[in-house]
There are 2 protein chains.
Amino acid sequence: MKLGSGVEWSIHCLALLGALPPGRSLRLEKLAEFHNLKVAYLRKHFQALSKAGLVATVTGPQGGYRLGRSSDKISLLDIYIALEGDDHCFRCTEIRQDGPCANPALDKPSYSIPCNIAVSMWKAEDAWRKELAKVSIADVLGATAKQVSSEKMERMAQWLTEALA
Amino acid sequence: MKLGSGVEWSIHCLALLGALPPGRSLRLEKLAEFHNLKVAYLRKHFQALSKAGLVATVTGPQGGYRLGRSSDKISLLDIYIALEGDDHCFRCTEIRQDGPCANPALDKPSYSIPCNIAVSMWKAEDAWRKELAKVSIADVLGATAKQVSSEKMERMAQWLTEALA
DNA sequence: GCATTGTGGATAAATTCTATCCATGATTGA
DNA sequence: TCAATCATGGATAGAATTTATCCACAATGC
């Protein structure tokens, strides 16, 4: 089971947007350029992020994207849900109600409560989501600031200045 | 991001194997029949389960599958790993090392530690896996015994008797 | 009004998932 | 000893999803 590539792309790009000066926007082509991503495909992801309110858009000259709310209020979970939806990872197709021993009509009362296997699987998903919800884009920025060399920091600052010109 | 259908199928089937009398095996066609699953595709999953040691096989007449170890020592995590592999769900393709501001040679020291985004995502995966590891097939059996109607229990016992004949 | 930006959706190749089939190997029972 | 019965390994294939592009159009600012 894999997360789509858009998740990695989007987290990195939202972190970049989090580093923008207040009120400024960065156009999509620049976002793509920063990590050498495919513009057209990144655009697809950003439309989902925009729909979910994680980014705000400005059309026209000097337009582009900026964070849709402050970086400490955008979690990794928000990004995941925006891109991949809010459905459970574990799909319970109710096979317990199938086969020669099943009688859905007769057993309807016990089938109205969710399958215990699904409940266990979903509980694990809840734990996963809880952890994702704990980490915001602000946290990512903070951790990245510690992790990235000062040389790269300088190059980034210069690149951003040029990109916003 | 979805789990494959084999995860649901396999958990249910391993629970059925956990209900077998000691030393008995159930052939794959019967396992498939119990939940109306596709035999040929279920076989694919069971080959992965067999490879992982979660089921043991008996060829020849009266052959089939049985649990590879006691049901309290087979967790939902074991089943997931057997079927979908042990790789991370979040794929870090190191896009941080790409783009105009990146200089992988120069920044090699900071790139030798994992990307902080990946670390956060993987931490969430660890929480998910921990929960999955807590639940065994024995637990599933116990919970199912509470959940299933006594009528269905009887039908199951009779079906098993016939299936093992 | 035009250039610059995002949006919505159609299209398509590649990959993965779902599923089957066939030849073969292992075991058991007559 | 051989046939029947079971699993195994791998090739094959259609459907669905992922990755990716392109085009027409909408919104904005100069």
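Residue numbering restarts at 1 for every chain, and letters A, B, ... go by the order of the sequence lines.
Looking at heavy-atom distances under 4.0 Å, A:R66 makes no contact with the nucleic acid at all. At a threshold of 4.0 angstrom between heavy atoms, the contacts of A:F46 with the nucleic acid are absent.
Of the candidates C:dA19, C:dT18, C:dT5, C:dA19 carries the atom nearest the B:K38 side chain, counting heavy atoms from C-beta on. Listed candidates were C:dA19, D:dC6, D:dA20. Nearest to the side chain of A:K44 is D:dA20. For A:A40, the listed nucleotide lying nearest its side chain is D:dC22; candidates were C:dT5, C:dT20, D:dC22.
Nearer the 5' end of DNA chain D, as judged by each residue's closest nucleotide, is the contact made by A:G6, out of A:V58 and A:G6. Sequence order on DNA chain D of the closest nucleotides to A:V39 and A:P61 puts A:V39 first from the 5' end.
More than 12 heavy atoms of other residues, nucleotides or ligands lie within 6.0 Å of NZ in B:K2, so this atom counts as buried by the packing criterion.
Regarding contacts with the backbone of D:dT19, a side-chain N or O of A:S5 is found under 4.0 angstrom from either OP1 or OP2. An OP1 or OP2 oxygen of C:dT7 is reached within less than 4.0 angstrom by a side-chain nitrogen or oxygen of A:S50. Proximity of A:T57 to the phosphate of D:dA27: no side-chain N or O atom is located under 4.0 Å from OP1 or OP2. The side chain of B:Y41 contributes no N or O atom lying less than 4.0 Å from OP1 or OP2 of D:dA15.
A donor-acceptor pair under 3.5 Å is absent between the side-chain atoms of A:K134 and the main chain of A:R129, judged by distance alone. Listed for the A:R155 side chain is no donor-acceptor partner under 3.5 Å among the backbone atoms of B:A102. Without hydrogens or angle criteria, B:R66 side chain to B:L17 main chain gives no donor-acceptor distance under 3.5 Å.
The distance from atom CD of A:Q62 to atom P of D:dG29 is 11 Å, rounded to the nearest whole Å. Look at CD on B:Q47: it is 13 Å from C1' on C:dC21, rounded to the nearest Å. Here D:dG9 presents its P atom at 5 Å from NZ of B:K51, a figure rounded to the nearest Å. In this structure, B:E29 atom CD and D:dT5 atom P are separated by 11 Å, rounded to whole Å. If you measure from atom NE2 of A:H45 to atom C1' of D:dA20, you get 9 Å, rounded to the nearest angstrom. Whole-Å rounding puts the B:L3 CG to C:dT16 C1' distance at 15 Å. For A:R43 and D:dA24, the CZ to C1' distance is 13 Å, given to the nearest whole Å. With rounding to whole Å, A:L83 atom CG is found 14 Å from D:dA20 atom P.
Comment: B:E94 engages B:R96 in a salt bridge, judged by a side-chain N to carboxylate O separation of less than 4.0 angstrom.
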